[in-house]
Chemist: 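One structure, as structure tokens, below. Some questions next.
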Amino acid sequence: MSSYGFWVISLAVLYTLALIIAGNVAKRKANRGEQYFVGGRTFRWWTVAFCITGLFSGSTYISIVELSYLTGISAIWYGVAETLQVLLIALLLIKSFREKLIVTITGLIGDQFGRRAKALSGAITAFAFPMWSVATAIAFASAFHVFTGVSLSLSVAFTALLLFVYLQAGGMWSVAFTQTMNTFVFAIMFIIGTVAFFINPGISGLQQLAADQPNMFDWGGAGLQVILVWFATFLVNVILAQAAFQMALSCKTPEEGRKGLIVAEVMSVPFILLGILFGLSAAAVVPDASLGLVALPQYLMEVLPAPFVGLFFLGIWACALGWGAPCQFSGATSLGKDVGSAIFPGASPEQLVKYTKWSLLLLTGLMIIFGFLRTEQAAWWNVLAWTMRNSATFAPVVAALFWPLVTKRAVLGALFGGFAAGLIWYHLSNWHPTDFFLNIHPVWVGMSVNILVMVLFTVAFNYGNWKITNNRSVKGAVVLTTLAALLVVNGLFYESLHAAGVVGMTLFLNVLAIFIGSIIYIKPKVTEESAQEQVVS
């Protein structure tokens, strides 16, 4: 093992041991359900800011380093899309969700539509989270492999076991402490990376890169299709970002949560800009690597001595923990708390905590298995996870918040129908991470079926209990106009949209407009009895 590998392993192990010790200290605070799952809802705004920064900015940084190495400065749009997502959560959802004391999205579905819906949505969501965790772990393991020679599969397994040992102790308190400590490690990484940039390649090196590869400085270099998918994915995820909600809703008050999210927005800026800078630096110095996350450690080894490379790599490790720990914990919460309470409705808070710890062990095993199945394809696991979770839960969450007419049968049909449609489309695409059947991303197919099944089942099986209102509101007119415009655009420009790879997204927007229109215009009938009750009240 080289000196670089020694420093990388030593610092990572010492840091990890410190976190595990802190996790066991946090265990003293996490002896009951409310404490374990949402930290007793006592987090101040700075804790929320640290948590959200570690979750989104850490994973975004890893993605941007990789993307900027391959496509240049256009990777900035990935960061902008992620930032927009957090801003919308802060402005639109955090207050109402906190007032409802929501813990998980699957719990919200279950509270509104019953135990079977909670169990099904909880299981689907839980098994998606280890896929996101392993995707980031694979990115981290790529750099670990370069430094130490340890195989990618064993690196993923080590990361998964680390997360289990740490999280089973203190729950949300452990996550909060991890994210706070990670923030300081991120700062060290940024300082070291900036010093490396000025050593080599420096500003002149980037100017030379621009002369040799002007496409690396094209704002649209990643391609319109890819950039639009980034924005669409993050915007859809605004209402489904369970791990982010679970951390942000641990806040003391809605105002504390909103302030923490907005501060996290500001803190995300260095992750975006420096991620691009480091990716471009690696491209200038190590131009022939296949992956940016492999080129980055190779670049640093050419510029910095081993101890500083080890400290920088500790920041990459913190990024993996910052994303993987909340994902594993949130998935385990859905499986242990939500599925557990659906199967055993009389379970006590202590029993639900126990179920969640068992779920952590199960999801750890799944994460290790996933890592061995497709160690080299982080994108593949991301696509599968998005397809599974979003295709099942999007319409039920919207219905739980905005459409009281929806029935339990419609929700169960939407959960199963969207989930099955997404996976079938993925199968027709031969399970490829980027080359999809008919050039349509499976998540758009799954989510479209998810919505359509819910609307059709609600209208068909609830016949006689609804009416079409004569709604002349501005929002109704806007939705109808948008729907008409989208239909015209899809009809006239279908071939161009299909060639650009965005026809799936535009068709989904049509279906989404139908869904919103249904919520606005299809209302429950008010019976004479209920009308009298409203008058009395």
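Please read these numbers as outputs of a predicted model, since none were measured by experiment.
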Chemist: Can you tell me how far apart OG (Ser57) and CD1 (Ile62) are? Round to the nearest 0.5 Å.
Modeler: 11.5 Å
Chemist: Please report the closest heavy-atom contact between Thr393 and Arg389, naming both atoms and the distance.
Modeler: OG1-O, 2.8 Å
Chemist: Supply the atom-to-atom distance Ile64 CD1 to Leu274 CG, rounded to the nearest 0.5 angstrom.
Modeler: 10.5 Å
Chemist: Roughly how far, to the nearest 0.5 Å, is the CG atom of Leu11 from the CD1 atom of Ile188?
Modeler: 9.5 Å
Chemist: Any donor-acceptor pair under 3.5 Å linking the side chain of Tyr15 with the backbone of Val185?
Modeler: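 Here the side-chain-to-backbone pair does not exist.
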Chemist: Do Thr71 side-chain atoms and Ala222 backbone N/O form a donor-acceptor pair below 3.5 Å?
Modeler: no
Chemist: Is it the case that the side chain of Tyr61 and the backbone of Ile316 share a donor-acceptor pair, with hydrogens and angles ignored and the cut-off at 3.5 Å?
Modeler: no
Chemist: Is a side-chain donor or acceptor of Ser74 paired with a backbone partner of Gly220 at a separation under 3.5 angstrom?
Modeler: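 Judged by distance alone, no pair lies under 3.5 Å.
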Chemist: Kindly say whether the aromatic ring centers of Trp386 and Trp132 come within a distance under 6.0 Å.
Modeler: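 Between Trp386 and Trp132, the centre distance is under 6.0 Å.
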Chemist: Check for a donor-acceptor pair, side chain of Ser429 on one end and backbone N or O of Phe437 on the other, with a separation under 3.5 Å.
Modeler: yes
Chemist: Sequence neighbours excluded and cut-off under 3.5 Å, please list the side-chain donor-acceptor pairs for residues 496-508, or say none.
Modeler:
{"residue": "His498", "atom": "NE2", "partner": "Leu438", "partner atom": "O", "Å": "2.7"}
{"residue": "Thr506", "atom": "OG1", "partner": "Asn490", "partner atom": "OD1", "Å": "2.9"}
{"residue": "Thr506", "atom": "OG1", "partner": "Val502", "partner atom": "O", "Å": "3.3"}
{"residue": "Thr506", "atom": "OG1", "partner": "Val503", "partner atom": "O", "Å": "2.9"}

Chemist: Apply the test side chain to side chain contact (heavy atoms under 4.5 Å, CB included) to residues His441 and Trp425: give CA-CA distance (whole Å), side-chain angles for both, the deciding distance (0.1 Å), then the verdict.
Modeler: CA-CA 8 Å; His441 197 298; Trp425 200 265; over 6 Å; no
Chemist: Between Glu255 and Trp45, is any pair of side-chain heavy atoms under 4.5 Å apart?
Modeler: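 Glu255 vs Trp45: side chains apart.
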Chemist: Side chains of Glu302 and Val286: does their closest heavy-atom pair fall under 4.5 Å?
Modeler: yes
Chemist: What distance do Leu362 atom CG and Thr356 atom OG1 have between them, rounded to the nearest 0.5 Å?
Modeler: 12.0 Å
Chemist: Looking at Val65, is its backbone amide N or carbonyl O close enough to the side chain of Ser68 to form a donor-acceptor pair, meaning the two atoms are under 3.5 Å apart?
Modeler: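 Flag set: sc Ser68 to bb Val65 pair under 3.5 Å.
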Chemist: To the nearest 0.5 Å, what is the distance between OG1 (Thr194) and CD1 (Ile199)?
Modeler: 11.0 Å
Chemist: Grab the two heavy atoms, one from Pro442 and one from Thr387, that are nearest each other, plus how far apart they are.
Modeler: CG-OG1, 3.8 Å
Chemist: Side-chain contact test, heavy atoms from C-beta onward, threshold under 4.5 Å: evaluate it for Met131 versus Met388 and give yes or no.
Modeler: yes
Chemist: Mind running side chain to side chain contact (heavy atoms under 4.5 Å, CB included) on Val236 and Phe394 for me, showing each step along the way?
Modeler: CA-CA 8 Å; Val236 166; Phe394 178 75; 3.9 Å; yes
Chemist: Which label fits Phe190 and Phe278: parallel for a plane angle under 30°, tilted from 30 to 60°, or perpendicular past 60°?
Modeler: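 Judged by the thresholds at 30° and 60°, the geometry between Phe190 and Phe278 is tilted.
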Chemist: I need the minimum non-hydrogen distance between Gly422 and Ser391, along with the two atoms involved.
Modeler: CA-OG, 4.3 Å
Chemist: Can you give me the closest heavy-atom contact between Ile272 and Ile76, atom names plus distance?
Modeler: CG2-CG1, 3.9 Å
Chemist: Please report the shortest heavy-atom distance between Ser133 and Gln328, naming the atom on each side.
Modeler: OG-OE1, 3.2 Å
Chemist: Looking at every non-hydrogen atom in both residues, tell me the closest pair between Gly331 and Leu363 and how far apart they are.
Modeler: C-CD1, 3.5 Å
Chemist: Donor-acceptor pairs under 3.5 angstrom involving side-chain atoms of residues 80-94: please list them, not counting sequence neighbours.
Modeler:
{"residue": "Thr83", "atom": "OG1", "partner": "Gly79", "partner atom": "O", "Å": "2.8"}
{"residue": "Gln85", "atom": "OE1", "partner": "Asn237", "partner atom": "ND2", "Å": "2.7"}

Chemist: Give, for atom CD1 of Ile73 and atom CG of Leu67, the distance between the pair rounded to the nearest 0.5 Å.
Modeler: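 Answer rounded to 0.5 Å: 13.5 Å.
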Chemist: Scan residues 210-231 for pairs that pass ring-ring contact (aromatic ring centres under 6.0 Å, His included), counting only residues two or more places apart or in two chains.
Modeler: Tyr78-Trp230
Chemist: Apply side chain to side chain contact (heavy atoms under 4.5 Å, CB included) to Tyr69 and Leu280, showing your working.
Modeler: CA-CA 5 Å; Tyr69 179 84; Leu280 291 174; over 6 Å; no
Chemist: Between the side chains of Ser334 and Thr106, is a donor N or O closer than 3.5 angstrom to an acceptor N or O?
Modeler: yes
Chemist: Are any of the side-chain heavy atoms of Met447 and Leu512 separated by less than 4.5 Å?
Modeler: no
Chemist: With side chain to side chain contact (heavy atoms under 4.5 Å, CB included) as the criterion, how do Phe186 and Phe271 come out once you've worked through the C-alpha distance, each side chain's angles and the decisive distance to 0.1 Å?
Modeler: CA-CA 9 Å; Phe186 294 151; Phe271 290 85; 3.3 Å; yes
Chemist: Ring-plane angle category for Trp431 and Tyr426, please: parallel below 30°, perpendicular beyond 60°, tilted otherwise.
Modeler: tilted
Chemist: Find out whether Pro201 and Gln208 are in side-chain contact, i.e. whether some heavy atom of one side chain is under 4.5 Å from a heavy atom of the other.
Modeler: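 Pro201 does not reach Gln208 side chain to side chain.
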Chemist: State, with a plain yes or no, whether a side-chain heavy atom of Phe197 is found less than 4.5 Å away from one of Leu206.
Modeler: yes
